[in-house]
*Asks:* 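Dropping a structure here in structure tokens format, bear with me for questions.
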Amino acid sequence: MKFGGTSVGKPERMHHIVSLVTKETEPAIVVLSALSGTTNALVEIGEHISKGDRNAAKQTIDKLEAHYQDFISKLVQKPEAVAKAKSIIAEHFEFLNIILKISFSEALNKDILAQGELLSTKLFCVYLEEQGIEHMLLPALEFMTIDSYDEPQVGSIKVKLSQLLQQHKDKKIYVTQGYICRNARGEVDNLKRGGSDYSASLIAAAINATVCEIWTDIDGMHNNDPRIVKKTVPVERMSFDEAAELAYFGAKILHPASIWPAQTYNVPVRLLNTMEPQAKGTLIEEKAGSVGVKAVAAKDNIIAIRIKSSRMLLAYGFLRKIFEVFEKYRTPIDMITTSEVAVSLTIDSSAHLKDILKELEPFGTVEVDQNQTIISVVGNEISKTEDMVKKLFGSIMNIPVRMVSYGGSPHNISLLVPAEYKTQILQQLNKGMFGLE
Ligand code: ADP
Ligand code: ASP
Ligand code: MG
């Protein structure tokens with residue numbers, strides 16, 4: 001059972017999730033995110049320190065500490081619990097204050113970012129203890145590891161986690177941190193923003209859980225981005241493939257990589273609403289509920305690169321050479337379309353853009369369009385849906401589409417559009433494909 005930032009972000013919400021956890025008949029591993037707003041504040045602290053602005057960092061630390069003092073004053077009441085909660089806060093904020101005096105490094109920044117999940121889980125356990133609820137805190141830093149390519153080491157996670165569970169096998173409630181892990185150098189690291197979903201799925205896979213529940217602030221995966229489009233509806237069932245495409249292409253409810261562990265080990269995933277536990281939510285499993293379009297999602301900050309060359313005409317090996325450049329800079333390609341004399345592809349990271357462009361130059365004319373958005377229309381066997389293409393393109397005729405990718409998977413059609421059209425295209429698709437206004 002994974003609870004996201006808003007699900008633990010207020011004392012009364014933490015109280016509430018205890019009622020959800022204790023309802024379970026089977027033993028549960030409870031994976032917690034940091035309280036909402038905390039990771040953003042920690043990112044800010046790291047940025048201030050890296051720029052040498054220690055005063056601004058100190059101010060953010062103090063503000064965050066005040067927030068936690070207020071939080072525990074409503075979380076726990078009994079004197080021993082209050083004392084414990086206070087000492088947890090003191091320990092972690094002392095750490096942050098010490099960091100102010102140390103020279104900045106990326107490794108140190110990861111330590112800063114880890115404080116949120118360490119705090120939320122420890123405070124949650126103090127509350128469980130106050131309530132007399134038996135539980136066990138499993139430190140994620142003892143079992144969640146990534147390799148030198150930042151890939152989770154599922155085999156090792158499995159072994160270490162089962163050893164820990166074996167040592168405490170009488171418990172029914174285990175609590176652990178989402179997001180944080182150790183890297184190949186043994187340092188504290190993380191699974192990138194929104195990574196608690198990924199932790200939950202990895203844990204569910206590692207223990208072969210009966211289900212991986214992602215409890216959040218909305219009643220499941222909606223057909224469109226509810227932050228942008230007014231009228232959206234939850235999708236009751238979808239396949240792992242569909243959910244993976246949506247997560248990867250921008251549906252924020254799931255971390256982009258969070259589906260594969262559950263899918264590989266065939267653990268069903270349920271997306272549920274902490275604020276409305278009786279709502280059906282979304283069930284994600286191997287088989288899709290039905291054929292047809294399920295949802296659309298948008299992924300921002302995309303860079304499109306077009307390489308034009310008459311040498312590509314009837315040549316072989318051209319694409320391999322181009323792909324090798326991206327491989328060299330470990331930059332994943334999201335979309336690709338080709339014509340006889342040009343290839344267009346997209347990346348979502350500008351980290352090595354300069355080097356990539358320099359190495360692409362010898363292959364032909366290179367054009368770059370920054371600030372693009374991928375719009376993905378996702379659904380099982382999407383092409384078999386009657387009128388799908390007509391509905392899709394019919395509803396967005398006024399929008400300049402830069403690229404189209406169709407047929408790569410049977411579950412997805414992706415369109416690339418300039419970012420300024422994102423809201424408009426999501427709204428028009430909502431009407432055109434789902435009949436929702
Ligand atoms: P948590 O803190 O629980 O991890 P997130 O904020 O990461 O929660 O994810 C939940 C949010 O994802 C929702 O509040 C919603 O605004 C956003 N979201 C974006 N796309 C979708 C979608 N297709 N379906 C549901 N929620 C979505
Ligand atoms: N706390 C982390 C973040 O805000 C991880 C998560 O919430 O999933 O990104
Ligand atoms: Mg999230």
Side-chain angles (χ1 to χ4, degrees), residues 1-10 13 17 20 31-44 46 64 110 112-121 140 144 176-181 189-203 212-236 238 242-259 269-276 279-282 284 293-300 375-379 422-423 426 429-430 434 436:
M1 303 176 83
K2 176 259 169 175
F3 294 91
T6 34
S7 302
V8 291
K10 294 204 170 117
R13 299 244 166 94
I17 66 171
L20 296 173
V31 180
L32 298 187
S33 294
L35 313 194
S36 49
T38 298
T39 311
N40 285 348
L42 295 169
V43 168
E44 206 183 300
L64 193 62
K110 303 274 176 63
I112 298 175
L113 294 176
Q115 301 308 306
E117 272 70 13
L118 292 169
L119 275 161
S120 66
T121 46
M144 191 58 78
T176 192
Q177 298 86 14
Y179 180 59
I180 62 172
C181 61
D189 210 318
N190 61 64
L191 301 174
K192 311 271 173 352
R193 295 304 306 271
S196 297
D197 304 326
Y198 200 13
S199 305
S201 178
L202 286 162
I203 291 169
C212 173
E213 293 180 351
I214 308 281
W215 291 84
T216 180
D217 57 0
I218 189 164
D219 54 347
M221 178 74 81
H222 278 220
N223 73 301
N224 205 327
D225 194 326
R227 294 167 299 177
I228 295 168
V229 173
K230 257 197 208 139
K231 184 146 182 50
T232 61
V233 290
V235 182
E236 235 176 79
M238 59 173 59
E242 289 171 313
E245 302 255 17
L246 285 166
Y248 187 73
F249 286 113
K252 191 199 171 212
I253 187 169
L254 285 172
H255 177 280
S258 58
I259 289 298
V269 176
R270 262 185 203 285
L271 308 181
L272 294 156
N273 189 350
T274 313
M275 328 305 163
E276 207 190 318
K280 277 192 181 143
T282 301
I284 303 164
V293 176
K294 299 270 171 63
V296 297
K299 187 173 176 182
D300 297 320
I375 303 291
S376 268
V377 180
V378 173
K422 172 174 144 177
T423 303
L426 288 178
L429 286 172
N430 215 41
F434 302 96
L436 296 167

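Everything numeric here is computed off the predicted structure, so don't read it as measured data. Both counts, for ligands and for their atoms, begin at 1 and track the order of listing. Nothing fancy with the numbering, it's 1 onward along the sequence.
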*Asks:* What does the contact table look like for ligand 1 (nitrogen or oxygen on each side, cut-off under 3.5 Å)?
*Replies:*
| residue | atom | partner | partner atom | Å |
| --- | --- | --- | --- | --- |
| ligand 1 | 2 (O) | Gly5 | N | 3.1 |
| ligand 1 | 3 (O) | Thr216 | OG1 | 2.7 |
| ligand 1 | 4 (O) | Lys2 | NZ | 3.0 |
| ligand 1 | 6 (O) | Lys252 | NZ | 2.8 |
| ligand 1 | 8 (O) | Thr216 | OG1 | 3.2 |
| ligand 1 | 12 (O) | Ile253 | N | 3.4 |
| ligand 1 | 14 (O) | Asp217 | OD1 | 2.8 |
| ligand 1 | 14 (O) | Asp217 | OD2 | 3.3 |
| ligand 1 | 23 (N) | His222 | O | 3.2 |
| ligand 1 | 24 (N) | His222 | N | 2.8 |

*Asks:* Side chain to side chain contact (heavy atoms under 4.5 Å, CB included) with Glu213: which residues, sequence neighbours excluded?
*Replies:*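 For Glu213 the side chain to side chain contact (heavy atoms under 4.5 Å, CB included) partners, ignoring immediate neighbours, are Met1, Glu24, Val211, Trp215, Arg270, Leu272.
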*Asks:* Consider only side-chain N and O atoms of Asp219 and His222, and report whether a donor and an acceptor are under 3.5 Å apart.
*Replies:*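 The criterion, which ignores hydrogens and geometry beyond distance, is satisfied for His222 and Asp219.
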*Asks:* Set out, in order, the CA-CA distance, both residues' side-chain angles and the distance that settles side chain to side chain contact (heavy atoms under 4.5 Å, CB included) for Leu119 and Leu35, then state yes or no.
*Replies:* CA-CA 9 Å; Leu119 275 161; Leu35 313 194; over 6 Å; no
*Asks:* Please list, by chain and number, the protein residues whose heavy atoms come under 4.0 Å of ligand 2.
*Replies:* Ser33, Ala34, Thr39, Glu117, Tyr179, Arg193, Gly194, Gly195, Ser196
*Asks:* Within the distance-only criterion (no hydrogens, no angle test), does the side chain of Thr282 pair as donor or acceptor with the backbone N or O of Met221 below 3.5 angstrom?
*Replies:*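 A pair under 3.5 Å: yes.
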*Asks:* Does any N or O in the side chain of Ser120 come within less than 3.5 Å of the main-chain N or O of Glu117, such that one atom is a donor and the other an acceptor?
*Replies:* yes
*Asks:* Output side-chain donor-acceptor pairs under 3.5 Å for residues 251-259, partner residues at least two apart or in another chain, one line each.
*Replies:*
| residue | atom | partner | partner atom | Å |
| --- | --- | --- | --- | --- |
| His255 | ND1 | Ala257 | N | 3.0 |
| His255 | NE2 | Leu191 | O | 2.9 |
| Ser258 | OG | His255 | O | 2.7 |

*Asks:* Which atom names give the shortest non-hydrogen contact between Ala34 and Thr39, and what distance separates them?
*Replies:* CB-OG1, 3.6 Å
*Asks:* Can you see which heavy atom on Asn190 is nearest to which on Lys110, and at what distance?
*Replies:* ND2-CD, 3.7 Å
*Asks:* Less than 4.5 Å apart, any side-chain heavy atom of Val296 and any of Leu426?
*Replies:*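 Result yes, sub-4.5 Å side-chain heavy-atom pair found.
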